[in-house]
Amino acid sequence: MTNATRCLIAGNWKMNGILQESLDFVKELQANPAPEHVEVALMPPFTLLHSLADSFSEKDVRLGAQSMYCEVSGAFTGSISPMMLRDAGCHYVILGHSERRDIMHEGNTLIRKKLDVAWSHGLEPILCIGEHLEERESGRTNEVLKEQLSVLADVNTGVSLTVAYEPVWAIGTGKTASPEQVKETHAFVHEELSRLGHDCRVLYGGSVNPNNAAELLACDGVDGALVGGASLKADSFMKIIEAAAETA
Ligand code: PGA
């Protein structure tokens with residue numbers, strides 16, 4: 001851990017999860033509460049936010065959304081606003097996830113607008129950054145991360161913010177960055193954040209699972225994990241929380 005804030009284990013369900021499954025998940029998680037020094041968050045699909053907000057107290061599990069639009073209300077068919085997310089009980093919103101950047105073509109200008117509107121509505125963004133394989137292999141990782149973090153230029157210091165470093169080649173592939181790569185890259189991300197005036201948590205994401213969580217979470221500069229596939233089953237998600245409890 002690099003600062004005094006609690007380690008965060010956040011589950012990003014992506015486009016997975018229906019009501020009954022989520023209620024079973026809640027029961028299992030409630031039977032095994034996380035220790036005080038580990039913060040747990042879930043980012044289910046929008047349709048499950050209200051029911052999960054009714055099931056958990058914010059003290060036990062914080063809720064987040066996987067995305068949102070950059071306007072508060074109006075004629076934006078199919079979009080969801082920061083105000084609606086607050087109303088549904090969200091504390092966090094994931095912004096800049098590589099699936100949004102690559103599939104939905106979201107770039108820095110839109111991400112910055114979303115960051116501003118998230119902050120003005122009391123949401124804490126989890127800003128995702130990460131390089132593609134060819135960028136890592138051609139030695140451009142830091143350049144790419146710096147460019148992605150440039151959305152934070154001129155942002156007031158002291159805003160609530162979490163960053164997630166997720167190498168794109170590690171997401172959903174079963175490959176993870178090596179501990180050396182994680183340490184080196186997290187050190188760079190913290191350094192760049194501090195140059196921009198921010199001292200915040202930096203999560204690692206990309207194929208985190210119960211077998212590799214302890215090693216990844218023990219790396220210097222890693223303040224938690226953003227977990228996709230392994231957060232879909234309560235059993236594997238709880239094992240990652242346990243690993244965090246032991247290393248944090
Ligand atoms: P994964 O996804 O754990 O399934 O690799 C992580 C993420 O996309 O946040």
Side-chain angles (χ1 to χ4, degrees), residues 1-14 16-17 21-44 48 52-53 55-64 66 89-92 94 124-128 160-167 170-172 174-183 185-187 189-190 199-248:
M1 292 291 295
T2 47
N3 56 32
T5 327
R6 291 191 299 165
C7 164
L8 170 62
I9 302 299
N12 171 12
W13 286 2
K14 309 194 179 184
N16 296 290
E21 279 170 10
S22 75
L23 297 177
D24 295 342
F25 185 103
V26 168
K27 269 194 215 140
E28 285 189 63
L29 221 61
Q30 278 171 336
N32 297 278
E36 195 58 35
H37 62 291
V38 179
E39 182 188 336
V40 178
L42 283 176
M43 286 81 192
L48 297 177
L52 289 190
S55 309
F56 287 118
S57 83
E58 239 223 321
K59 187 176 102 0
D60 297 326
V61 173
R62 275 181 160 164
L63 284 183
Q66 300 169 18
C90 286
H91 174 90
Y92 291 109
I94 297 177
E124 176 168 344
I126 298 183
L127 173 65
C128 297
S160 56
L161 172 69
T162 292
V163 168
Y165 166 58
E166 300 199 296
I171 295 180
K175 292 182 194 149
T176 54
S178 68
E180 290 67 35
Q181 288 171 325
V182 173
K183 274 183 236 163
T185 313
H186 276 244
V189 173
H190 279 290
D199 173 22
C200 67
R201 286 182 295 200
V202 179
L203 314 181
Y204 172 80
S207 296
V208 176
N209 65 40
N211 298 326
N212 60 28
E215 187 178 38
L216 291 164
L217 288 164
C219 293
D220 284 346
V222 174
D223 305 308
L226 183 55
V227 186
S231 71
L232 293 174
K233 293 269 178 286
D235 181 47
S236 53
F237 191 52
M238 287 180 324
K239 287 192 178 125
I240 295 171
I241 297 169
E242 270 167 41
E246 279 159 28
T247 45

For Val40 and Phe237, what are the C-alpha separation, side-chain angles and deciding distance, and is it a side chain to side chain contact (heavy atoms under 4.5 Å, CB included)?
CA-CA 10 Å; Val40 178; Phe237 191 52; 3.7 Å; yes

Worked verdict on Thr176 versus Glu215 for side chain to side chain contact (heavy atoms under 4.5 Å, CB included):
CA-CA 11 Å; Thr176 54; Glu215 187 178 38; over 6 Å; no

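- To the nearest 0.5 Å, the span separating CG on Leu23 from CG on Leu52 amounts to 7.5 Å.
- Once rounded to the nearest 0.5 Å, the distance linking CD1 of Ile241 with SG of Cys7 reads 10.0 Å.
- Distance alone, capped at 3.5 Å, is enough to place a donor-acceptor pair between the Asn212 side chain and the Ser207 backbone.
- Judged by distance alone, with hydrogens and angles left aside, the side-chain atoms of Ser236 form a donor-acceptor pair with the main-chain N or O of Ala230 at under 3.5 Å.
- Closest approach of Glu166 and Cys128 over heavy atoms only: OE1-SG, 3.8 Å.
- Across Ala213 and Ala243, no two heavy atoms sit closer than the pair CB-CB, 3.9 Å.
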Evaluation steps, side chain to side chain contact (heavy atoms under 4.5 Å, CB included), between Leu42 and Leu48
CA-CA 11 Å; Leu42 283 176; Leu48 297 177; over 6 Å; no

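- Among all heavy-atom pairs drawn from Leu8 and Thr162, the shortest one is CD2-CG2, 4.4 Å.
- Distance NE2/His190 to CG/Asp220: 9.5 Å, rounded to 0.5 Å.
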Enumerate donor-acceptor pairs with a distance under 3.5 Å from any side-chain N or O in residues 25-37 to protein atoms, sequence neighbours excluded.
residue, atom, partner, partner atom, Å
Gln30, NE2, Ser55, O, 2.7
Asn32, ND2, Glu28, O, 3.1
His37, NE2, Ala245, O, 2.9

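- With rounding to the nearest 0.5 Å, the separation of CD1 in Ile94 from CG in Asn12 is 4.0 Å.
- For the pair Val182/Leu216, a side-chain contact is recorded, criterion being any heavy-atom separation below 4.5 Å from C-beta on.
- Ring pair Tyr165/His186 is perpendicular by interplanar angle, where above 60° counts as perpendicular and below 30° as parallel.
- The SG atom of Cys90 lies 12.5 Å from the CD atom of Glu124; values are rounded to the nearest 0.5 Å.
- In plain terms, the two heavy atoms of Ser231 and Trp13 that are nearest each other are O-NE1, 3.0 Å.
- Under the 3.5 Å distance criterion, the side-chain polar atoms of Asp24 are left unmatched by any main-chain donor or acceptor of Glu21.
- One distance of note links CE of Met238 with CD1 of Ile9; it measures 14.0 Å at 0.5 Å rounding.
- Heavy-atom minimum distance, Lys14 versus Gln66: O-NE2, 2.9 Å.
- Heavy atoms only, all atoms of each residue included: Ala218 and Thr247 are closest at CB-CG2, 4.1 Å.
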